[in-house]
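Below is one structure, written out as structure tokens; comments come after it.
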Amino acid sequence: MSKRLMGLALCLALVFTTSLALTEDCFTIDVDTLDMDSLNRDDYVAAHLSAGAQGVRVVKRLSDSSELAVSVRLTLTQMDSGTLLFDKDYGFQSGSFDSGVIYLPFVNGNTVPYLVTLYAGDYVYAMPFMHLQPRLSYNGACTYGVRLRDLGLSGDWMMGTMVDLNALRSQGSMTVDVCASNSYVIGQAVFSMQGESLCVTVSCLGQANAEIHSQTLYVAANCAALPGQGFIACAPGEPVDVSGAASALVCLNMQVSYDPAGLSSFYYDSSSSTIQNQLSLWEQNRSGQGGVDANGAQDVGVSDWENSFGWEENFGWEDNSGWEDNSGWMDNSGWTDNSGWEDNSGWMDNSGWEDNSGWETNPSWDNGGWEDVPNG
């Protein structure tokens, strides 16, 4: 093979290898780019040392000469349990060090705190890493309301919202939470009246970074006709004629991918005044409310409507069995019970890293930060 062909083959191989590396789901910790004095700040860790990737890798520049080799060791400890998950001696390394991808286990869907410690020659670099919940793909979402299974319309967790149209006519609009995966609030739906037409618009929270794959709105002004018939299918934002109706059942069927980290949880309480009021509207509608046609829309039969709610949840990685409900931060308050750094070795009451806590005493340390300190 000519040198030109060999060079071309080498270039193609490098491009192919780079593309594989870029598509790998891992978070890279570049030790040289970190502000070691800021590792005790929650906001800094959230911005630079937190991710929901399946794996983590550590890189560092060791020397500018291939002759200046140092011994390298890397450990990874799960701090909420004190479990040593990774401990590898890389031998003598020079130039740039790359640990390769270290895949992290799934632990109850919660945000898991890790301590990543790199030993390079006489120096020790200790860094926190927060393993966030990964992105949830193709999950179901709906507006908050009555469980459809309690109305005999569905066997899943999905909800429908009973709307008091008379109250809506007088007040103009109302806002209802959009809930996803039976766990999180990802946005809001605004119900409004435009003359005698009901209009529902949907928006997602920016922090959810949501991608909507599909969304259909089902409106029933005559609940007595359900489940055999009575639903009108339309798109969110499309007005539906509800002339003469006092109430209506609205069911939003969304399929969405989003980032759950930091989102508020929702709780379904069938005894709450909100749900009881909606159940009362449901009974009133079924006992005497007449049906209403939509503007040119076609009535949807029960089989079509039920099939549209037949998706399966995908709570995370394909290799795993799924993420459990209520996974992650609880009530946005930070660490759940006993999930922080124990034995005074780290995070205390969300106040950050304490001075010299859990580490060898060194009077030269300032601000309680993590500095390059000779090992031994």
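For the numbers below, each heavy atom of this structure counts, side chains included, while hydrogens, waters and symmetry mates do not. Throughout, numbering of the chain's residues begins at 1 and tracks the sequence.
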Report yes or no: does Arg135 contribute a side-chain atom to a donor-acceptor pair with the main-chain N or O of Ser257 at less than 3.5 Å? yes

Looking only at atom types and distance, does a side-chain atom of Ser63 sit under 3.5 Å from a main-chain N or O of Gly95, one as donor and one as acceptor? yes

Which value, rounded to the nearest 0.5 Å, describes the distance between Trp282 atom CH2 and Asp150 atom CG? 11.0 Å

Grab the two heavy atoms, one from Cys223 and one from Arg286, that are nearest each other, plus how far apart they are. O-NH1, 2.9 Å

Any non-hydrogen side-chain atom of Pro236 less than 4.5 Å from a side-chain atom of Leu252? yes

Suppose we screen for ring-ring contact (aromatic ring centres under 6.0 Å, His included). Which residues come up paired with Tyr90, at least two apart in sequence or across chains? Phe97

Is it true that Val59 and Tyr119 fall in one hydrophobic cluster, defined by side-chain heavy atoms closer than 4.5 Å? no

Residue pair Met158 / Arg149, side-chain heavy-atom distance below 4.5 Å: no

Paired with Leu249, the side-chain contact (heavy atoms from CB on, under 4.5 Å) test is passed by just one of Leu153, Val163, Asn285, namely Leu153

Is there a continuous path of hydrophobic side-chain contacts, each under 4.5 Å between heavy atoms, that joins Leu84 to Val124? no

Taking Ser243 for its side chain and Asp241 for its backbone only, find out whether a donor-acceptor pair lies under 3.5 Å. no

Phe191 and its side-chain contact (heavy atoms from CB on, under 4.5 Å) partner, picked from Thr201, Val200, Leu165: Val200

Interatomic spacing from CE in Met159 to SG in Cys142 - rounded to 0.5 Å: 4.0 Å

Find out whether Val250 and Val176 are in side-chain contact, i.e. whether some heavy atom of one side chain is under 4.5 Å from a heavy atom of the other. no

What I want to find out is whether Asp89 reaches Arg73 closely enough, with some N-O distance under 4.0 Å, to be called a salt bridge. no

Where is the tightest heavy-atom contact between Asp32 and Lys60, given as atom of each residue plus distance? OD1-NZ, 2.9 Å

Pair Leu76-Leu104, side chain to side chain contact (heavy atoms under 4.5 Å, CB included): steps then yes or no: CA-CA 10 Å; Leu76 186 67; Leu104 303 173; 3.5 Å; yes

Can you find a pair of side-chain heavy atoms, one from Ser192 and one from Leu168, that are under 4.5 Å apart? no

If Ile, Leu, Val, Met, Phe, Trp and Tyr residues are connected whenever their side-chain heavy atoms lie under 4.5 Å apart, and connections chain through other members, are Tyr123 and Ile29 in the same group? yes

Minimum heavy-atom separation for Ala245 and Ala221, please, with both atom names. CB-CB, 4.0 Å

So Phe231 and Tyr218, would you call those rings parallel, tilted or perpendicular, with 30° and 60° as cut-offs? perpendicular

For Thr274 and Gln278, test the side chains for any donor-to-acceptor distance below 3.5 angstrom and give the result as yes or no. no

Please tell me if the side chains of Leu205 and Ile186 come closer than 4.5 Å, counting only heavy atoms from C-beta onward. no

What I want to check is whether the side chains of Asp35 and Ser38 have a donor and an acceptor closer together than 3.5 Å. yes

Inter-residue atom distance Leu39.CG - His48.NE2, 0.5 Å rounding: 10.0 Å

Search all heavy atoms of Leu62 against all heavy atoms of Ser94 and return the closest pair with its distance. CD1-N, 4.2 Å

Keeping the roles fixed (side chain from Gln276, backbone from Ser270), state whether a donor-acceptor pair exists under 3.5 Å. yes

Would you compute the distance between atom CE of Met162 and atom CG of Leu279 and round it to the nearest 0.5 angstrom? 9.0 Å

Starting from the C-alpha separation in whole Å, work towards a yes-or-no answer on side chain to side chain contact (heavy atoms under 4.5 Å, CB included) for Gln93 and Val70. CA-CA 5 Å; Gln93 301 281 324; Val70 296; 5.5 Å; no

Give me the atom names and distance for the closest heavy-atom approach of Ile275 to Gly145. CD1-O, 3.4 Å

Main-chain N/O of Ser137 paired to Asn139 side chain as donor or acceptor, under 3.5 Å: yes

Non-hydrogen atoms of Gly237 and Cys199 that approach each other most closely: O-SG, 3.4 Å

Ser99 side chain to Arg57 backbone, donor-acceptor under 3.5 Å: no

How long is the straight-line distance from OG of Ser214 back to CD1 of Ile212, given to the nearest 0.5 Å? 9.0 Å

Atom pair CG (Leu49) and CG (Leu34), whose distance is rounded to the nearest 0.5 Å: 5.0 Å

Min side-chain heavy-atom separation Glu238-Leu217 under 4.5 Å: no

State plainly whether one hydrophobic cluster holds both Met130 and Tyr114, where clusters connect Ile, Leu, Val, Met, Phe, Trp and Tyr through side-chain heavy atoms under 4.5 angstrom apart. yes

Answer yes if Phe27 and Val116 sit in the same cluster of Ile, Leu, Val, Met, Phe, Trp and Tyr residues linked by side chain heavy atoms under 4.5 Å apart, and no otherwise. yes

Does any N or O in the side chain of Thr161 come within less than 3.5 Å of the main-chain N or O of Tyr144, such that one atom is a donor and the other an acceptor? yes

Any donor-acceptor pair under 3.5 Å from Tyr268 side chain to Arg147 backbone: yes

Could you tell me how the ring of Phe266 sits relative to the ring of Trp157: parallel (under 30°), tilted (30 to 60°) or perpendicular (over 60°)? tilted

